[in-house]
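Have a look at the structure below, then the notes.
For clarity, every value in this text was computed on a predicted model and none was experimentally measured. Per chain, numbering begins at 1; letters A, B, ... match sequence-line order.
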There are 2 protein chains.
Amino acid sequence: MIEKKKLTLKDIAKELGISVSTASRALKEHPDIAKETIKAVKEYAEAHHYVPNFLAVNFRKSRTFNIGLIVPELVHHFFSTVISGAIDEAKKYGYNVLVSQSNDLLKDEKVACRTMLSSSVDGLLISISNETLEGEHLQDFLSEGKPVVQFDKITDHLNTPKVTVDDFEGAYNAVNHLIKQGYKKIAHIRGRKNVKNANERYEGYLKALKDHHVEITENWVKSCSAISENEGYDFAKEMMESANPPDSFFCITDLVALGVIRYLKEAKYEIPYQIGVMGFSNWKLAEVVSPGLSSVDQHGYDMGIKAMKLLIELIQNQDCENEETIELKTKLVIRDSSLKKDFIK
Amino acid sequence: MIEKKKLTLKDIAKELGISVSTASRALKEHPDIAKETIKAVKEYAEAHHYVPNFLAVNFRKSRTFNIGLIVPELVHHFFSTVISGAIDEAKKYGYNVLVSQSNDLLKDEKVACRTMLSSSVDGLLISISNETLEGEHLQDFLSEGKPVVQFDKITDHLNTPKVTVDDFEGAYNAVNHLIKQGYKKIAHIRGRKNVKNANERYEGYLKALKDHHVEITENWVKSCSAISENEGYDFAKEMMESANPPDSFFCITDLVALGVIRYLKEAKYEIPYQIGVMGFSNWKLAEVVSPGLSSVDQHGYDMGIKAMKLLIELIQNQDCENEETIELKTKLVIRDSSLKKDFIK
DNA sequence: CTGTTAGCGCTTTCAG
DNA sequence: CTGAAAGCGCTAACAG
């Protein structure tokens, strides 16, 4: 292998008979330096393909232009959308993004944080795992002067800016729509009780029922732990086989809704005529499943952009004690699975 | 903000009355160092939460423990699966992964390469864009002594190891299955002519037709440029409305197959009875669409693991001139969309 | 077994 | 306008 020795500032300086510091300044067009010197240095550098050694520069300035990004799961439509937005935004400012996943495990999240701190990112974007409560491991970033921005799945125990979606309102609107469509026994398959946005969605669900004086029953609320398709299937089966089955399902996520639909189809229920189904997150699959699944769009790409932008601002202002919070609005996307009224017509 | 001054080796050395180099060596349990010295240093370091400055270490050793990973698209079931595998594997060896996307644009791919080279990754994993032909920009990595491993979408113009799936065989088996199911007029919606795996799949398709003496018509082969759902829809419409319509579609990708299915449903064709459909890649959506879409699984997670492992080996052996190639076998996943025979029974 | 020394490539005072 | 010199934190050859 041909190991080309890289050209350094020293080489340029020697060649042009100037000092290293002059060469360094010339490259940045420092106002102190004579126009001709600048020109000479730049031309030489150009001609010989000088590339600064960023390892040295970063070491000197103790920053890396790398940003860490941790999500619970990578193979996940919503999160990959957020990542995509975050990366595109980072690119604009010359930052690279280090991506990692926690698999919703606190253990893995800690490991990811540690290797990221080691390899010295300038800041962290994180959507925490289901198991994360306090987030002391995130505190380490702050104590090292590296800002953290939380998004989507967040904890309030940590004093950082947050970018979320208005889960409460999203859920409220979704359930509201079900009520307007004529459903009267609305079940909710929710997420874990220790996860903030699961609670927000649950509250939105409750509020909508209360506002419209619709029946509320504990038996119609079930908690997922894994948020899986199978849980949707199982809970749907359990509830539909009970003495007082619901006539519609509002699900914490499209995947769960998919399980519900699978059960309902197997059991020969007609969707949306007999039973309505509503998801959350508006994944690709909501479009392609049959019947089309109504859902709540979370604007993942936008969230990625906003969160990254916020983080980069913090990094550039050396600001770690910011509490700014951005809450994006959701958008209700109506498809066939919840259109009882229109179906009847 | 409390800017805690970080503890350095120098501090430890001064405090313990030894030299910096001794401290450094003690921390690594160098055999030359006395047991007691090692113990003393380690204890002090532990007690005062010494964390090496990796920026300095990396600068010194000119390596970063970061690996670059570029894919055409991030929000893409197959690629996110590969990324997931690659990241999980990298973690095992203490490497971080810098992720970027090219949007299938040569321009973006070059930019991604440049910022990655700057921020000094130790190596690169890449699936090239549709527009990439020669890949001179990738050559830059090699000349800097940084290994490159290509995966899935590759170019043979570059002398690097490659990890791919046996596209030819995958396509052959898929078409073979269609023939066995009794389809006789098999259309193929293919990818761009300059993209290697699109060509491989096309060749597999042709070979299967030839081996079984099945009709071959140019009119039944159409080339996508964007590989979009709409192209699937449009080509299906075009072919089905032609004088001699096919009785089945083998599509370059599940997304395209989805477009075909959408058209067929709209036009009231019965799948798979009248028309069979076969995708490629086995995305999540293949399971959930109705009817279930038969497809060819590419083992993305495995590909990510294998490619990353290979790359890390090259990095650790300082080896840039390796031509090793791994070709994974595909797996045919049969669902309803292609089961004409079973449907008839 | 341990310390001295030099140096990685670059930035940045401080002097001229 | 430019140069000399110090130093970022760590490693490693060399010399005891």
Side-chain angles (χ1 to χ4, degrees), chain A residues 3-42 44-45 48-65 94 117-120 122 144-146 318, chain B residues 3-42 44-45 48-65 94 117-120 122 144-146 318:
Chain A
E3 263 290 3
K4 265 196 262 176
K5 242 325 183 316
K6 278 233 272 178
L7 195 69
T8 72
L9 273 186
K10 207 190 201 166
D11 300 326
I12 299 184
K14 204 194 302 175
E15 201 60 39
L16 297 183
I18 58 178
S19 76
V20 178
S21 48
T22 305
S24 168
R25 279 177 289 213
L27 253 1
K28 330 195 142 50
E29 309 194 31
H30 189 105
D32 273 4
I33 305 293
K35 292 270 179 297
E36 311 90 66
T37 317
I38 294 184
K39 189 155 168 284
V41 173
K42 287 209 142 190
Y44 187 90
H48 296 74
H49 307 107
Y50 168 71
V51 183
N53 179 331
F54 285 90
L55 249 40
V57 176
N58 292 344
F59 165 49
R60 200 59 242 286
K61 302 206 165 158
S62 34
R63 57 115 178 82
T64 61
F65 276 114
L117 254 187
S118 316
S119 87
S120 295
D122 294 343
E144 292 214 12
K146 303 185 185 209
Q318 309 254 42
Chain B
E3 264 289 5
K4 265 195 262 177
K5 237 337 174 315
K6 278 233 272 178
L7 194 69
T8 72
L9 274 187
K10 206 182 188 173
D11 301 326
I12 299 183
K14 203 194 303 173
E15 201 59 38
L16 298 183
I18 58 178
S19 76
V20 178
S21 51
T22 305
S24 168
R25 279 176 289 210
L27 252 3
K28 328 195 145 50
E29 309 194 31
H30 189 105
D32 274 3
I33 305 292
K35 292 272 179 294
E36 311 90 66
T37 316
I38 293 183
K39 189 154 167 287
V41 173
K42 286 208 144 191
Y44 187 92
H48 296 75
H49 307 106
Y50 168 73
V51 183
N53 180 332
F54 286 90
L55 249 40
V57 176
N58 291 344
F59 166 48
R60 198 58 242 285
K61 302 205 166 160
S62 33
R63 56 113 179 82
T64 61
F65 276 114
L117 254 186
S118 315
S119 86
S120 295
D122 294 342
E144 292 213 12
K146 305 187 186 216
Q318 308 256 39

Find the distance A:Asn58:CG to C:dT11:P and express it as a whole number of Å. 10 Å
Kindly indicate whether the side chain of A:Thr37, heavy atoms from C-beta on, has any atom under 4.5 Å from the side chain of A:Leu16. no
Rounded to the nearest angstrom, tell me the gap between atom CG in B:Leu16 and atom P in C:dT2. 12 Å
Identified side-chain contact (heavy atoms from CB on, under 4.5 Å) partner of B:Asn53 from the options B:Leu55, B:Val51, B:Val57: B:Leu55
Let me test you: for the helix from C:dC1-D:dG16 to C:dG16-D:dC1, what is the angle between the axes at its two ends (five pairs each), rounded to 10 degrees? 40°
Test item: B:Leu7 and B:His49 side chains (from C-beta on) under 4.5 Å apart, heavy atoms: no
Any side-chain donor near an acceptor of the partner, B:Thr64 and B:Asn58, under 3.5 Å: no
Looking for any heavy atom pair under 4.0 Å, which part of the strands does A:Thr37 touch: base, sugar-phosphate only, or nothing? sugar-phosphate
Nucleotide C:dC10, atom P - distance to CG of B:Leu55 in whole Å: 15 Å
Approximate separation, where rounding is to 0.5 Å, of B:Phe54 CZ and A:Leu117 CG: 10.0 Å
Is a side-chain N or O of B:His48 found less than 3.5 angstrom from the main chain of B:Tyr44, in a donor-acceptor match? yes
Modelled atom types, side-chain donor and acceptor of B:Ser19 and B:Thr22, under 3.5 Å: yes
For nucleotides 8-15 of chain D, read 5' to 3', which letter fits each nucleotide if B means a protein heavy atom sits under 4.0 Å from the base, S means only the sugar-phosphate is that close, and - means neither? BBBBBBB-
How long is the straight-line distance from CD1 of A:Ile12 back to CD of A:Glu15, given to the nearest 0.5 Å? 9.5 Å
Please report the distance, rounded to the nearest Å, between CD1 in A:Ile18 and P in C:dC10. 13 Å
Can you tell me how far P of C:dC8 sits from CZ of B:Arg63, to the nearest Å? 18 Å
